[in-house]
Amino acid sequence: MSINCAAVDRLIDSMSFTQKVGQLNQRLLGWKSVERNAAGRLVASDELKQEIDRWGGLGTLYGLLRADPWSGQHWGNGIRPEERTEAIAVVQQTVLERGAHGIGVLLSEEAPHGHQALGGTVLPTNLGLGATFDPQGVQEAEAAVAAELAASGIHIALVSGLDIARDPRWGRCEECFGEDPLMAARMCEAIVTGMQGEHRSKVGHGGVAVVLKHLAAQGEAVGGRNGQSAVLGPHDLHEIHLPPVAAGVRAGALGFMAAYNDIDSVPCCANPWLLKDYLRDQLGFDGIVMADGLAVDRLEDMAGSIPAAGRAALLAGVDVSLWDEGFTRLEEYADDEQVVAAVDTALRRVLELKAMFGLLPEDGADTAAIAMPSADAIAQATADGREQAKRMAREAITLINDGQSAATLDDIRSVIADAQAGPVIVAGPFADDFGCFLGDYTAPLPADEQSSVYRQLVARLGEDRVLLAAKPSDAPADQWARASTVVFVCGSTSERSYDSEFDDNGAAKAVTEYGATCGEGVDLSDIRLPWRQDDMLGEVAALTTTPIVSVAVCGRAHVLTDVLERSAVTIWAGYAGQYGPQAVADVLVDGADMSGRLPVTLPAYPAAIPVRYNDRQSAAHVYKDAAEPILRGFGYGAGSLAAVTFSEMHADTQSHPGEVLVQVTAHADDHGAAGAVNLFTHVSGGRRIPRLAMLVDSVYMDLNAGERRDIAFHVPCDRLRDVGDGQVQVTCTLDGDSTHTVTATLPGEY
């Protein structure tokens, strides 16, 4: 919908300072805005009415449909899919009736990997999506999620994507697309284009506005501690953490969320260089900046008081608050010219966003005419989202070890397919677990949509063939001796229970012995597999001589050294979403290909961290007790592209000014293949210590059986060195394979 600037001007002029401030607040928790009457119908709560009356309207409402242990909403008390239309109508009608200017409320929802609502689609977490190396696939999946949100009457999707996984101790690594800035940038662009459409064409027309989080450098926090200081210089900030931000702006993102952390002592929520000079002046961003939950109030120590914290955030460039008190106290600055001007600037951005969704009254009308959700549209969008979730789960599965013992994956598949062979034992703490695949920020799914690796194998092989042994003692010794295959499901989980304790911003506060081991608030000092799983696997290996297939369900770069040593085959599944168990069974029983690649470097030892592929100095042979600290490198994947051969690789620095063109020919075997082919470079001769490697391009391809295809990588020269005089030598390597390397020399000027 086009924006009527004159109408926005008239609204601003007609509003009191209190009403203007109210439009900038997102204080109310949405699930508290409705309640059930004696007849079980949804009605507006007194809390909602009081909030509207206080401000003469309502700016943004967070999490109306959210369901999870922190909100306390579940299938017994939350808003079910068939009630979304009723809930939206109650809220919007109450806002229009009680508000002073007939302006509807923006509805924002968490959607880091699918809609966090009852019945919402659950995609793999970003770390799992990152393993696909498939931005086009992510774009299609996010478009389906946006369609579900839009059909449900939601306007804003809060989506993770900007964070870079720099330290595996950080519990929110699962929200990162990995450790590489280029892939994170391409995935952020995919999110925005998928959800908002090209040039924002879907906004208000079957799509939603994206608020990308978190801005910026949250993954660089000292010691992997959530919300702590990021200690880094401006060059690394721009090279590692800001590429996804720039990509989001280029794609047209309508919002960014300022992070909890500080950068060199300046909090992101009060950083005018970050939120104004860089984001708006340099990049040309024209949308809203939202604070992270309670982040404004956390400025109290710096600013001196809660009201001063709200003022500091506003003047630094924050437009919309989230749950905090600081923005509610902006009324105290009605005589402060700076605050008054900043409130008007932020208000204009909020109202322009509302205009895109038809939340402002048309000329001559007293109130906005807001279209209500359609149950049929919600059902169709949800069904489409489920299909996308299935596809992305299959793409995320990554083979990181094959044939460690005499048995290969093909051998094991043959044994599993043999109905006359011995039993298949599914072992490990997550053998019959569903929640481990889902990640943080996930609503509970109905029982009939829940599964596990054990249940999937039973469905395909039969109860008589598949045995469950979560602990080694759960199966008798004779069964271990007779087993034809052991599938050991290990890893970590972000699943919260409804009796968990939480911080005031929803992060995990206390984790029980067998509770969440990943996710927001679950930073760890020891990144070995929790609950002594390595010892458990050792006990299993001592009970049987049959090959072990380990499935690592992980939301961070856990140490899997013992797992690889004791397993014939190891599959890394990230948090593959609601169809993760099916994807694993597809691999083991149906022979599905694995096109995934590791989005992070796996360390070989728990204390030899962090290790990243794009560090400047190698960690090899530095630690005297851990000579080779890397277990598997970024981009590793021995899956469906393993049988593809490459030839005729060459580099061209002349034909395309400003870039290096690298070409190579791919040959598929007689089975075909799909997956990403990555090009890395190492640069020498520049002005800085070069990184060990940089991912400079990635091409996702789908080859038919026997197909031969030429692949072109386009590498911008400005990614290879700082602009200036002097020749720079660039070594280009295909997926870390030294047999496919070319060297090019860039001219002194370009």
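Please read all numbers here as calculations on a predicted model, not as lab measurements.
Between His656 and His714, the angle of the ring planes goes over 60°, which puts this pair in the perpendicular group of the 30/60° scheme.
Residues satisfying the salt bridge (Lys or Arg N to Asp or Glu O under 4.0 Å) criterion with Asp669, sequence neighbours excluded, are absent altogether. Considering only residues two or more places apart in sequence or on other chains, Asp652 meets the salt bridge (Lys or Arg N to Asp or Glu O under 4.0 Å) condition with none of them. Partners of Arg566 under the side-chain hydrogen bond (donor to acceptor under 3.5 Å, both in side chains) rule, at least two apart in sequence or in another chain, do not exist in this structure. By the salt bridge (Lys or Arg N to Asp or Glu O under 4.0 Å) test, Arg616 is found to be paired with Asp236, Glu239, residues two or more places apart in sequence or in another chain being considered. Applying the side-chain hydrogen bond (donor to acceptor under 3.5 Å, both in side chains) criterion to Thr545, with sequence neighbours excluded, gives no partner residue. A search for salt bridge (Lys or Arg N to Asp or Glu O under 4.0 Å) contacts involving Arg482 returns nothing, not counting sequence neighbours.
Applying the salt bridge (charged side-chain N to carboxylate O under 4.0 Å, His left out) test to every pair with at least one member in residues 419-435, sequence neighbours left out, gives these pairs: Asp432-Arg455. Screening residues 390-402 for salt bridge (charged side-chain N to carboxylate O under 4.0 Å, His left out) gives Glu140-Arg391, Glu387-Lys390, Arg391-Glu395 as the qualifying pairs, with residues at least two apart or on separate chains. Within the structure, ring-ring contact (aromatic ring centres under 6.0 Å, His included) contacts touching residues 408-434 (residues at least two apart or in different chains) are Phe430-Trp531. For residues 382-414, there are no ring-ring contact (aromatic ring centres under 6.0 Å, His included) pairs, not counting sequence neighbours. Applying the side-chain hydrogen bond (donor to acceptor under 3.5 Å, both in side chains) rule to pairs touching residues 547-558 yields Ser492-His558, Ser550-Ser567, sequence neighbours excluded. Applying the salt bridge (charged side-chain N to carboxylate O under 4.0 Å, His left out) test to pairs two or more places apart or on separate chains, those with a residue in residues 592-605 are Arg597-Asp735.
The main-chain N or O of Val664 is never found under 3.5 Å from a side-chain atom of His650 such that the two would form a donor-acceptor pair. Judged purely by atom type and a 3.5 angstrom limit, Gln450 uses its side chain to pair as donor or acceptor with the backbone of Leu445. With hydrogens and angles disregarded, no donor-acceptor distance shorter than 3.5 Å links the side chain of Thr132 to the backbone of Ala396. At distances below 3.5 Å, not a single donor-acceptor pair connects side-chain atoms of Arg709 with backbone N or O atoms of Met701. Between the Trp480 side chain and the Ala475 main chain, a donor and an acceptor come within less than 3.5 Å of each other. For Glu179 (side chain) and Tyr613 (main-chain N/O), a donor-acceptor pair under 3.5 Å exists by modelled atom type. Side chain of Thr121 to backbone of Gly114: no donor-acceptor contact under 3.5 angstrom is found. Side-chain N or O atoms of Ser484 include one that pairs as donor or acceptor with a backbone N or O of Pro423 at under 3.5 Å. A donor-acceptor pair under 3.5 Å is absent between the side-chain atoms of Thr544 and the main chain of Ala542, judged by distance alone. With hydrogens and angles ignored, the 3.5 Å screen pairs a side-chain donor or acceptor of Ser414 with a backbone N or O of Asp410.
A side-chain donor-acceptor contact under 3.5 Å links Gln456 and Ser451. Remark: the Glu174 side chain and the Thr125 side chain contain no N/O donor-acceptor pair separated by less than 3.5 Å. Side-chain contact, Glu707 with His667: no donor N or O sits under 3.5 Å from an acceptor N or O.
Ion pairing between a basic and an acidic side chain is recognised when a charged N comes within 4.0 Å of a carboxylate O; Arg172 and Asp440 show no such pairing. Using a cutoff of 4.0 Å between basic side-chain nitrogens and carboxylate oxygens, Arg465 and Asp418 are not scored as salt-bridged. In summary, Asp586 and Arg460 engage in a salt bridge, as defined by a charged side-chain N under 4.0 Å from a carboxylate O.
Here Leu631 contributes atom CG and Leu602 contributes atom CG; the two are 6.0 Å apart, rounded to the nearest 0.5 Å.
The two residues Asp702 and Ala674 have their closest heavy-atom pair at OD1-CB, 3.8 Å.
The closest side-chain heavy-atom distance from Met183 to Leu695 is below 4.5 Å. For the pair Val677 and Val644, the minimum side-chain heavy-atom distance is 4.5 Å or more. The shortest side-chain heavy-atom distance between Thr546 and Ile425 does not fall under the 4.5 Å cut-off. Taking the side chain as every heavy atom from C-beta outward, Val559 and Pro603 approach each other to under 4.5 Å. The shortest distance between side-chain heavy atoms of Leu692 and Ser618 falls below 4.5 Å. Contact annotation: the side chain of Met536 never approaches that of Leu529 to less than 4.5 Å [non-hydrogen atoms, C-beta and beyond]. Looking only at side-chain heavy atoms (C-beta outward), Tyr575 and Leu127 stay at 4.5 Å or farther from each other. For the pair Asn126/Pro112, no side-chain contact is recorded, criterion being any heavy-atom separation below 4.5 Å from C-beta on.
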Could you give me the CA-CA distance, side-chain angles and deciding distance for Phe133 and Phe634, then say whether ring-ring contact (aromatic ring centres under 6.0 Å, His included) is met?
-> CA-CA 11 Å; Phe133 281 70; Phe634 168 82; 5.7 Å; yes
Could you walk me through whether Leu543 and Val540 pass the side-chain contact (heavy atoms from CB on, under 4.5 Å) check?
-> CA-CA 5 Å; Leu543 288 170; Val540 169; 5.5 Å; no
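At most 12 heavy atoms of other shown residues, nucleotides or ligands fall within 6.0 angstrom of atom CZ in Arg528.
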